[in-house]
Amino acid sequence: MTATEPKFRIRARYTDTTVTVYQAYRPQIGRPAARTGRFPSAWKRDRMTWIKPSFLWMMYRCGWGKKEGQETVLAIDISREGFEWALRHSCLSHYVPALHADQDAWKQQLRSAPARVQWDPERDLHLNPLPYRSLQLGLSGEAAARYADEWIVGIEDVTPLATEIRALVRAGEPERASGLLPRETPYPAPEEALAHLRA
């Protein structure tokens with residue numbers, strides 16, 4: 001990344017039809033999901049679920065799969081159509097005067113939107129914050145249902161990859177660790193899908 005990296009940009013691993021997002025769950029949910037390509041009945045679709053296109057931000061959040069309840073790290077391929085639907089129907093999780101008429105208007109939008117967006121500092125291999133931001137996308141209600149039932153194309157358990165990269169980082173081999181990272185490049189989201197999410 002260069003010094004000119006914009007503060008707000010989606011970076012992801014993607015194809016012509018899919019984009020990869022990451023989540024971490026306890027094994028009782030993560031393992032069946034990876035095995036069947038669908039979340040098991042124990043997965044709570046009535047709760048907000050957060051998906052992250054950044055592998056290293058997910059590693060920061062789950063401690064390389066070492067945090068309790070986040071031991072199984074999943075790479076979930078979802079349709080780009082679904083991902084962009086969520087962006088278009090999302091609201092920022094915090095109030096921004098340049099984007100919202102006032103606090104009340106933002107709160108109303110937040111209550112009615114089926115998805116919400118947070119921009120959190122991207123992370124380096126040592127999980128230190130970088131000066132630009134990474135997207136987190138929270139799905140609830142209709143968005144969570146569409147995610148679970150329509151958008152998912154495939155689910156892979158990438159816990160072994162997380163463990164291997166962490167071991168290389170701890171062994172002082174950052175180049176080898178970097179070589180194993182999923183290749184994330186700027187995601188070509190339509191401008192109108194992001195205009196209401198960037199100050």
Side-chain angles (χ1 to χ4, degrees), residues 10-15 17-87 90 93 114-127 134-170 176-184 187:
I10 300 172
R11 288 164 296 273
R13 188 179 78 172
Y14 60 90
T15 69
T17 57
T18 65
V19 57
T20 302
V21 297
Y22 299 94
Q23 295 192 286
Y25 288 101
R26 55 191 171 89
Q28 294 91 329
I29 289 179
R31 288 176 184 164
R35 192 167 57 247
T36 65
R38 285 287 176 267
F39 287 115
S41 57
W43 185 77
K44 303 284 193 240
R45 63 176 58 224
D46 55 343
R47 289 174 51 183
M48 179 163 288
T49 188
W50 289 90
I51 59 177
K52 300 105 178 161
S54 165
F55 179 83
L56 282 174
W57 204 95
M58 184 72 255
M59 294 307 98
Y60 164 72
R61 182 70 182 83
C62 72
W64 299 101
K66 302 299 180 185
K67 288 186 180 177
E68 185 177 355
Q70 300 185 60
E71 300 91 346
T72 306
V73 185
L74 301 177
I76 302 166
D77 291 332
I78 64 174
S79 70
R80 285 177 57 167
E81 183 181 0
F83 182 65
E84 291 170 17
W85 183 95
L87 292 175
S90 64
S93 61
R116 64 182 58 176
V117 160
Q118 285 182 196
W119 295 98
D120 296 293
E122 180 58 286
R123 301 284 158 166
D124 66 14
L125 261 180
H126 299 280
L127 308 185
S134 181
L135 179 91
Q136 268 203 91
L137 188 54
L139 309 175
S140 63
E142 182 185 359
R146 284 173 177 254
Y147 172 61
D149 300 333
E150 301 172 19
W151 300 346
I152 293 176
V153 176
I155 302 178
E156 180 186 0
D157 183 348
V158 292
T159 313
L161 176 65
T163 300
E164 185 176 3
I165 294 174
R166 176 178 181 265
L168 288 170
V169 172
R170 290 165 68 91
R176 287 183 64 198
S178 291
L180 293 178
L181 290 173
R183 185 170 178 268
E184 295 168 2
Y187 180 80

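The figures that follow rest on heavy atoms only: side chains count, while hydrogens, waters and symmetry mates do not. Just so it is clear, the model here is predicted, and its values are computed rather than measured.
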- Item | Check: I165 and L125 side chains under 4.5 Å, non-hydrogen atoms | yes
- Query: When rounded to the nearest 0.5 angstrom, what distance separates OG1 in T159 from CZ in R31?
  - Reply: 8.0 Å
- Does the side chain of I51 reach to within under 4.5 Å of the side chain of W151, using non-hydrogen atoms? no
- Has R146 got more than 12 heavy atoms of other residues, nucleotides or ligands less than 6.0 Å from its CZ? yes
- Can you find a pair of side-chain heavy atoms, one from L87 and one from L135, that are under 4.5 Å apart? yes
- Task: Step through the shown structure and confirm whether more than 12 heavy atoms of other residues, nucleotides or ligands are within 6.0 Å of CZ on R170.
- Result: no
- Task: Report yes if some heavy atom in the side chain of T15 is under 4.5 Å from a heavy atom in the side chain of D77; otherwise report no.
- Result: no
- Side chain proximity check, V73 to M59, heavy atoms < 4.5 angstrom: yes
- Query: What distance separates E184 CD from R11 CZ, expressed to the nearest 0.5 Å?
  - Reply: 8.5 Å
- Query: Is the shortest heavy-atom distance from the side chain of R116 to the side chain of W50 under 4.5 Å?
  - Reply: yes
- Message: Name the residue from Y14, Y187, Y147 that meets the side-chain contact (heavy atoms from CB on, under 4.5 Å) definition with F83.
- Response: Y187
- Spell out, as yes or no, whether a donor-acceptor pair under 3.5 Å connects the side chain of E71 to the backbone of G69. yes
- Message: When you measure from the side chain of E150 to the backbone of G82, do you find a donor-acceptor pair of N or O atoms at a distance under 3.5 Å?
- Response: no
- Query: Looking at OH of Y25 and OG1 of T49, how far apart are the two atoms once the value is rounded to the nearest 0.5 Å?
  - Reply: 3.0 Å
- Answer yes or no: is there a side-chain heavy-atom contact under 4.5 Å between L139 and P114? no
- Side chain proximity check, T72 to I29, heavy atoms < 4.5 angstrom: no
- Just wondering, are more than 12 heavy atoms of other shown residues or ligands nearer than 6.0 Å to NZ in K44? no
- How close do G37 and I152 get, heavy atom to heavy atom, and via which atoms? O-CG2, 3.7 Å
- Query: Is the backbone N or O of V117 less than 3.5 Å from a side-chain atom of S93, with the two atoms forming a donor-acceptor pair by type?
  - Reply: yes
- If you take all heavy atoms of R61 and K67, which pair is closest and at what distance? O-NZ, 3.0 Å
- R38 and I155 have their tightest heavy-atom pair at N-CD1, 3.9 Å
- Take atom CZ in R176; do more than 12 heavy atoms of anything else shown fall under 6.0 Å from it? no
- Return the set of residues passing side-chain hydrogen bond (donor to acceptor under 3.5 Å, both in side chains) with S54 (not counting sequence neighbours), or none when no residue passes. E122
- Task: Look at R45 together with D149 and state whether they make a salt bridge at an N to O cut-off of under 4.0 Å.
- Result: yes
- When rounded to the nearest 0.5 Å, the distance separating CD of Q23 from CE of M58 is 8.0 Å
- Message: Could you work out, with ring-ring contact (aromatic ring centres under 6.0 Å, His included) as the rule, every residue matching Y60, not counting sequence neighbours?
- Response: W57
- Determine the minimum heavy-atom distance between P32 and P27, stating which atoms define it. CD-O, 3.4 Å
